[in-house]
Amino acid sequence: MVDTIRKYVFDFDSTLTRVEALDVLAEITLKDRPDKEQVIKEIQKITNLGIDGDISFTESLERRIKLLKAHKNDLHGLVAELRQKISKSIASNKEFFEQYTDDIYVISCGFKEFIDPIVAEYNITPDRVFANTFRFDETGNIIGFDEANVLATHNGKIQCLRNLDLQGEVQVIGDGYSDYVMREAGIADKFFAYTENVHREKAAVNADHITPNLDEFLFLNDLPRKISYPKNRIKILLLENIHPAAFDNLSEDGFSVELVKHSIPEDELIEKIKGVHVLGIRSKTQVTQKVIDAADKLLVVGAFCIGTTQIDLDACKKRGIVAFNAPYSNTRSVVELAIGEIIMLMRSVFPRSTEIHNGEWNKTAANSREVRSKNLGIIGYGNIGKQLSVLAESLGMRVYYYDVADQLALGNAKKCNTLEDLLNVSDVVTLHIDDNKANKNFISERELNQMKDGAMLINLSRGFVVDIEALANALKVGKLAGAAIDVFPEEPSSNGAYVTELQGLNNVILTPHVGGSTEEAQRDIADFVPNKIMDYINSGNTVDAVNFPNIRLPKQQNAHRFLHIHKNVPGIMAKINEVLARFEMNISGQYLSTDNEVGYVITDLDKEYNKDVIKALKKIEHTIKFRVLY
């Protein structure tokens with residue numbers, strides 16, 4: 001079989017670069033003019049009219065040059081600016097331009113004066129650059145262009161390509177209608193609408209392929225590329241109105257992202273999850289065994305919250321699906337609410353506020369106390385508990401804590417050896433324990449009776465850890481003087497009516513699971529979780545994964561990376577290395593981490609490989625998942 005001979009014809013503006021060069025030149029030449037913005041908008045309007053074929057290119061060029069009032073010296077600054085504005089995926093795929101230099105051409109309606117020095121850095125020589133040239137007056141002012149150049153005429157690209165008479169399959173890559181017409185005229189075999197920088201509908205609707213980046217173009221043609229699988233082909237589904245910054249972070253990295261404002265019930269999610277590589281959720285979406293079984297492409301589940309009980313983590317692990325959460329991002333928000341509620345409960349602010357809302361003035365110091373010198377009992381001395389400990393001490397409180405794990409005290413906090421010891425001594429008890437199912441009714445009638453008479457209880461952790469009926473009784477009989485509850489055993493999936501036994505009770509603050517719901521926390525989560533997702537997809541890092549062996553990997557340096565997830569049974573590493581040896585693969589680095597159920601091995605290889613090695617690695621017994629990263 002004879003390989004197809006291909007020639008690749010690139011546009012320059014908004015394809016090889018992120019910008020239209022004459023627009024950038026306008027920024028330079030008009031910088032001191034008061035009407036700068038108005039003139040630039042007019043130039044951009046004329047540019048688009050020419051690109052879309054709504055006016056002749058000759059007219060477009062004449063009108064823009066007249067508005068620019070540029071000088072030859074301005075071109076030095078323009079070239080410097082354009083060097084900083086190379087399209088992201090073009091810059092990351094220099095290897096392609098170096099290897100296929102003899103088959104790459106630039107046909108542009110721009111100007112060789114600034115195109116030649118830019119593309120030279122990508123191994124494209126001036127004899128393969130076809131563009132317009134400026135005309136200058138005796139003092140160096142740009143006064144026009146070479147009107148005899150075929151590219152100065154309407155649809156000049158057609159004639160230029162025809163004159164070249166390129167042999168083999170000719171593929172055109174560009175963003176405008178002027179690029180498509182070469183395909184329409186029958187002198188190019190394929191047209192790829194390049195949309196990384198701008199999406200022009202006239203070009204896109206006529207394209208053989210829409211390519212959001214050069215990676216996609218190279219993938220379609222099986223050409224050398226920086227990454228093995230284009231990110232635009234990786235589908236990410238974000239549910240439950242996740243902060244739009246998450247959408248922006250993931251989209252800007254090149255992924256295809258869909259944002260849904262609500263949670264999806266199991267039956268709908270089973271259909272929706274097909275073809276999805278990454279699922280992002282908050283606390284209400286249930287990622288069950290059935291959902292995971294239907295997920296034919298799923299690599300990652302990101303919980304944009306602390307808790308992960310809504311995810312079947314074991315089922316994910318068995319399928320090689322990595323789960324991440326946000327254990328730290330909303331810590332400060334929860335702590336601040338806890339501090340506020342401690343003060344409000346101790347001062348009886350909520351009853352006084354309710355009274356005056358109801359038209360009753362009741363100025364009294366009864367049941368209103370300072371928090372200074374009072375005892376705060378923190379159950380769960382993790383990230384939130386520790387930070388609360390520090391802030392409470394700064395208010396003058398004496399801090400006691402209880403945790404099933406051995407935790408180092410901060411400041412003057414005192415560790416209690418038993419839960420009963422903490423409950424006996426505390427004026428306010430605040431809960432910050434995890435979502436382990438064994439913690440159901442962690443605080444029930446027995447524990448409430450162990451608390452001091454007139455103490456307060458705050459729960460900002462999990463709804464099921466407090467027996468609500470027992471708490472309501474303790475409040476009604478006066479055992480407790482107040483409570484603040486943010487989480488409940490059963491919470492609705494959407495906003496609306498809600499009923500709890502705690503409604504209407506004196507000095508009880510009820511909030512709808514908003515402990516971590518601040519603008520700052522949601523923004524932090526929208527940065528933290530996508531970074532973990534991107535780090536895994538892009539490099540294989542599993543640091544902070546909640547269900548998977550953790551591996552922190554060095555940055556890839558000119559190597560292929562094989563990611564192999566398998567059941568943790570004896571002999572797998574030997575089989576992997578046996579395959580690599582058989583195919584004479586040279587290993588530049590290898591990293592392994594395991595837990596009781598799965599093993600995760602990453603191998604970096606410093607040479608080209610036979611595609612059959614991938615098939616062999618996938619066929620190793622007990623393999624769960626296998627990926628290749630360039």
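Numbers here simply count residues along the sequence, with the first being 1. Side-chain atoms are counted along with the backbone in the values below, which use heavy atoms only and exclude waters and symmetry mates. Computed from a predicted model, the values in this text were never measured in an experiment.
Put simply, the side chain of T518 gets close to the backbone of A521: a donor and an acceptor are under 3.5 Å apart. Checking side-chain atoms of R319 against main-chain N and O of A295 turns up a donor-acceptor pair under 3.5 Å. For N550 (side chain) and D544 (main-chain N/O), a donor-acceptor pair under 3.5 Å exists by modelled atom type. Of the possible donor and acceptor atoms, one in the side chain of N459 sits under 3.5 Å from a partner among the backbone N and O of R462. Using a distance-only test at 3.5 Å, with no hydrogens or angles considered, no donor-acceptor pair links the side chain of N232 to the main chain of F255. A distance-only check finds no donor-acceptor pair linking the side chain of S333 to the backbone of S517 [under 3.5 Å]. Of the possible polar contacts, one joining the S228 side chain to the V628 backbone as a donor-acceptor pair under 3.5 Å is found. A donor-acceptor pair under 3.5 Å is formed between the side chain of N547 and the backbone N or O of A323. The closest donor-acceptor contact from the side chain of Y536 to the backbone of L299 lies at 3.5 Å or more, if one exists at all. T623 contributes no side-chain N or O that, together with a main-chain N or O of H566, makes up a donor-acceptor pair within less than 3.5 Å.
T195 approaches H199 most closely through the heavy-atom pair CG2-ND1, 3.5 Å. Between P530 and A526 the shortest heavy-atom distance is CG-O, 2.9 Å. Counting all heavy atoms, side chain and backbone alike, N325 lies closest to I306 at ND2-O, 2.7 Å. Nearest heavy atoms, K567 versus I624: N-CD1, 3.7 Å. Taking all atoms of both residues into account, the shortest heavy-atom contact from S389 to Y381 is OG-OH, 3.0 Å. The shortest non-hydrogen separation linking F192 to N221 is CZ-ND2, 4.0 Å.
The closest side-chain heavy-atom distance from L460 to V487 is not below 4.5 Å. You'll find the side chain of V291 reaches within 4.5 Å of the side chain of T288, heavy atoms only. Inter-residue side-chain proximity for L214 and S87 is flagged as unmet; no heavy-atom pair is nearer than 4.5 Å. Taking 4.5 Å as the limit, some side-chain heavy atom of K386 sits within range of a side-chain heavy atom of Q407. Inter-residue side-chain proximity for I292 and C316 is flagged as met; some heavy-atom pair is nearer than 4.5 Å. In this structure, N213 and K88 have side chains that are not in contact, with every pair of non-hydrogen atoms separated by 4.5 Å or more. Under the 4.5 Å side-chain criterion, counting only non-hydrogen atoms from C-beta, V613 is in contact with F562. Looking only at side-chain heavy atoms (C-beta outward), T603 and H564 stay at 4.5 Å or farther from each other.
Side-chain contact of R183 with N206: a donor-acceptor pair under 3.5 Å is absent, judged by distance alone. At a cut-off of 3.5 Å, with distance as the only test, a side-chain donor of N93 or D215 sits close to an acceptor on the other residue. Between the side chains of S444 and E447, at least one donor N or O lies within less than 3.5 Å of an accepting N or O. Using a 3.5 Å distance cut-off with no hydrogens or angles, the side chains of Q289 and D293 do pair a donor with an acceptor. Judged by distance alone, the side chains of N568 and D595 never bring a donor and an acceptor atom under 3.5 Å apart. Side-chain atoms of N249 and N531 include no donor-acceptor pair closer than 3.5 Å.
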* To do: Go through the steps for V543 and K532 under the test side-chain contact (heavy atoms from CB on, under 4.5 Å), then give the verdict.
  => CA-CA 8 Å; V543 175; K532 291 299 174 185; 4.1 Å; yes
* **Evaluation steps, side-chain contact (heavy atoms from CB on, under 4.5 Å), between N439 and F464** => CA-CA 8 Å; N439 288 330; F464 61 80; 4.2 Å; yes
* Start with the C-alpha gap between T331 and Q387, add the side-chain angles, then the distance that decides, and say whether side-chain hydrogen bond (donor to acceptor under 3.5 Å, both in side chains) holds. => CA-CA 8 Å; T331 299; Q387 194 170 137; 5.4 Å; no
* Asked: Would D175 and N197 count as a side-chain contact (heavy atoms from CB on, under 4.5 Å) if you check the C-alpha gap in whole Å, the side-chain angles of each, and the deciding distance to 0.1 Å?
  -> CA-CA 8 Å; D175 67 288; N197 306 304; over 6 Å; no
* Could you please spell out the steps behind the side-chain contact (heavy atoms from CB on, under 4.5 Å) verdict for I342 and I458? => CA-CA 8 Å; I342 290 167; I458 296 173; 3.5 Å; yes
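By the 6.0 Å contact criterion, NZ on K274 is enclosed, its count of non-hydrogen atoms from other residues, nucleotides or ligands being greater than 12. Within 6.0 Å of NZ in K284 there are more than 12 heavy atoms belonging to other residues, nucleotides or ligands. Counting non-hydrogen atoms of other residues, nucleotides and ligands closer than 6.0 Å to CD of Q44 gives a total above 12. Residue N495 qualifies as open at atom CG: its count of foreign heavy atoms under 6.0 Å is 12 or below. Remark: E490 CD is loosely packed, at most 12 non-hydrogen atoms of other residues, nucleotides or ligands lying under 6.0 Å away. Within 6.0 Å of NZ on K290 lie no more than 12 heavy atoms contributed by other residues, nucleotides or ligands.
Note that CG of L629 is 4.5 Å distant from CG of L563, once rounded to the nearest 0.5 Å. Interatomic distance, E266 CD to Q286 CD, rounded to the nearest 0.5 Å: 9.0 Å.
F488 and Y498 have perpendicular rings, their planes meeting at more than 60° on a 0 to 90° scale where under 30° would count as parallel. Aromatic ring orientation, Y229 versus H277: tilted (interplanar angle from 30° to 60°).
The side chain to side chain donor-acceptor pair (under 3.5 Å) test applied to S89 returns Y194, E196, not counting sequence neighbours. In this structure K615 satisfies the side chain to side chain contact (heavy atoms under 4.5 Å, CB included) test together with D612, sequence neighbours excluded. In terms of the ring-ring contact (aromatic ring centres under 6.0 Å, His included) criterion, H622 has no residue partners (sequence neighbours excluded).
The pair R233-E216 meets the salt-bridge criterion, with a side-chain N (NZ, NE, NH1 or NH2) lying under 4.0 Å from an Asp/Glu carboxylate O. At a threshold of 4.0 Å, the pair R332-D524 does not count as salt-bridged, since none of the basic side-chain nitrogens sits closer than that to a carboxylate oxygen. Look at R523 and E519 and you find no salt bridge, because none of the NZ, NE, NH1 or NH2 atoms lies under 4.0 Å from a carboxylate O.
Sorted by first and then second residue, the side chain to side chain donor-acceptor pair (under 3.5 Å) pairs involving residues 251-260 (not counting sequence neighbours) are K231-D253, D253-N538, E258-K272. Listed by first and then second residue, the salt bridge (Lys or Arg N to Asp or Glu O under 4.0 Å) pairs that reach into residues 620-629 come to none, sequence neighbours excluded. For residues 238-248, the set of pairs meeting the side chain to side chain donor-acceptor pair (under 3.5 Å) definition, not counting sequence neighbours, comprises E240-T285.
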